[in-house]
Amino acid sequence: MANKSAFHRTDYFKITIFGFALAALWGCLHTIVIQQRLLDFVPAAEKNTYLGLLTFVGLMLAMIIQPIAGSLSDRSGFGWGRRRPFILAGTILVMLFLPGIGWSGSYAAIFVIYCLLQISSNTVQGPFQALIPDLVPEGKRGVASGIKSLLEIGGGVALLYPIALFMDRYSAGEGSSWLWLSLAIPGVILGGTMLATILMVKERPGAGGAKPTLMPALHKIFKIDLKANRDFIWFLVSRLFIMMAFTTLQTFTLYFLMDVVGVPDPAAATARFSIVAIIGMLVIAYPAGRLSDKIGRRPIGIAAGLIGALGIALIFFFQDSYLPIVLCGGLIGISFGAFLSSNWALATDLVAKGEEARYLGLVNVATAGGAALARLIGPAIDFFNAQSPNLGYSVMLLACFIYFIIGSILLMRIKRR
């Protein structure tokens, strides 16, 4: 499969199936499990602040670790490939740390475990992402990115509803076995897809390279020639804003539905919202990736950002009614699916040759950085809620709307289609 001229249809799935499991794991943790688990340890009136702090620090670690792991894999000399050794080692660490979410007896313990999971997961993610530019012919990367997005979207929805039901039962005091089941299922899927990737993907042996001392190596990992890579810089800043919008909504939806809409089953209600959103993503992800090969990445990305802004505006006007909010979730899902496919294809177009994993790791500076900055609105939500009931959630929606508009405008600065 290392021979690009012999790239087959099944190879698209071989190099992207692991993304399904990563999305399933983090979809469950970030949408339901962490939120419900924190309620065991923190005051209800400050839950957004504690959630924002926890996930901000963890994602800042992700922003640092992923480019480092990607760069190390670019220069690795393993006989069975540059990427798979990192996928194996990182996944084993994730599976070792995941039970800590259940064993933790305090906010501080959850905090440490979450950070360790982010470090381990991003040791995997940076090298894994580079399989597309490594193995897929340039003219087929839009399709590959569409399939990658499709599998990640499928992973994001596959476990949400059962995990939500389990966590609602756990929160209702029906026993810790529901929590352990919520952690075990995504862990098993992660291990299985890791083995499939290790066994099915065929890479060339890593060539290795000169090993500079630590500080110069770290400096080079995060260094970008600004003049030569203007489009890449605009791409990063645009992605950061749009990811801030999507991640803010994902992070605080459960508490929004609990406090503003007043649903009796917040975890299950959040899962239903997410499922409708992900159906929208599934419908659009592959066509958007394929279309981006024909008309370019930017038009689809700009349209995706504007559709996301429309979805947020509609949620604001219907925020007291659950059904319209769920339907708006579908619109936001269409936005996110189109964005993921076209934007990742654009990323693979813009990376420097020979440094694919490092540059795609730097893309995570925007992805994880946007996700981390999104969490900082947690204290603002609690502050404004204290001034007037649920005012903080209106501020949150306004911020998401602005993020979408800014991200779409910045995409227009990229010269390459």
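The residues of the chain are indexed from 1 along the displayed sequence.
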Looking only at non-hydrogen atoms, find the nearest pair between [X] and [Y] and report the distance.
{"X": "Thr31", "Y": "Leu254", "value": "O-CD1, 4.0 Å"}
{"X": "Ser321", "Y": "Pro324", "value": "OG-CD, 3.0 Å"}
{"X": "Phe86", "Y": "Pro127", "value": "CB-CG, 3.5 Å"}

Evaluation steps, side chain to side chain contact (heavy atoms under 4.5 Å, CB included), between Leu323 and Phe318: CA-CA 9 Å; Leu323 181 58; Phe318 294 103; over 6 Å; no
Can you check whether [Y]'s main-chain N or O pairs, donor with acceptor, with [X]'s side chain at less than 3.5 Å?
{"X": "Asp168", "Y": "Ala268", "result": "yes"}
{"X": "Glu203", "Y": "Arg84", "result": "yes"}
{"X": "Ser73", "Y": "Gly70", "result": "yes"}
{"X": "Arg298", "Y": "Met412", "result": "yes"}
{"X": "Ser176", "Y": "Leu179", "result": "no"}
{"X": "Ser120", "Y": "Gly90", "result": "no"}
{"X": "Ser238", "Y": "Trp234", "result": "no"}
{"X": "Gln35", "Y": "Thr251", "result": "yes"}
{"X": "Ser274", "Y": "Thr270", "result": "yes"}
{"X": "Lys47", "Y": "Ala44", "result": "yes"}

Between [X] and [Y], what is the ring plane arrangement, given parallel below 30°, perpendicular above 60°, and tilted in between?
{"X": "Phe339", "Y": "Phe246", "value": "tilted"}
{"X": "Phe241", "Y": "Tyr403", "value": "tilted"}
{"X": "His30", "Y": "Trp26", "value": "tilted"}

Check the surroundings of atom CZ in Phe41: do more than 12 heavy atoms from other residues, nucleotides or ligands lie under 6.0 Å from it?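 Count over threshold, so yes.
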OH of Tyr322: more than 12 outside heavy atoms within 6.0 angstrom?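 Yes, because the 6.0 Å sphere around OH of Tyr322 holds more than 12 heavy atoms from other groups.
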Kindly determine whether Tyr50 and Asp382 satisfy side-chain hydrogen bond (donor to acceptor under 3.5 Å, both in side chains), including the steps that lead there. CA-CA 10 Å; Tyr50 280 98; Asp382 287 338; over 6 Å; no
Assess whether a salt bridge exists between Lys14 and Asp11, defined as any Lys/Arg side-chain N lying under 4.0 Å from an Asp/Glu carboxylate O.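 A salt bridge links Lys14 with Asp11.
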Go through Asp40 and Arg37 one step at a time and tell me if the salt bridge (charged side-chain N to carboxylate O under 4.0 Å, His left out) criterion holds. CA-CA 6 Å; Asp40 293 336; Arg37 194 75 173 98; 2.7 Å; yes
CG-CD1 distance between Leu410 and Ile414, expressed to the nearest 0.5 angstrom: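 Taking CG in Leu410 and CD1 in Ile414, the distance rounds to 8.5 Å.
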Any chance you could lay out the salt bridge (charged side-chain N to carboxylate O under 4.0 Å, His left out) test for Arg272 and Asp265, step after step, and finish with the verdict? CA-CA 11 Å; Arg272 289 190 291 269; Asp265 53 348; 3.2 Å; yes
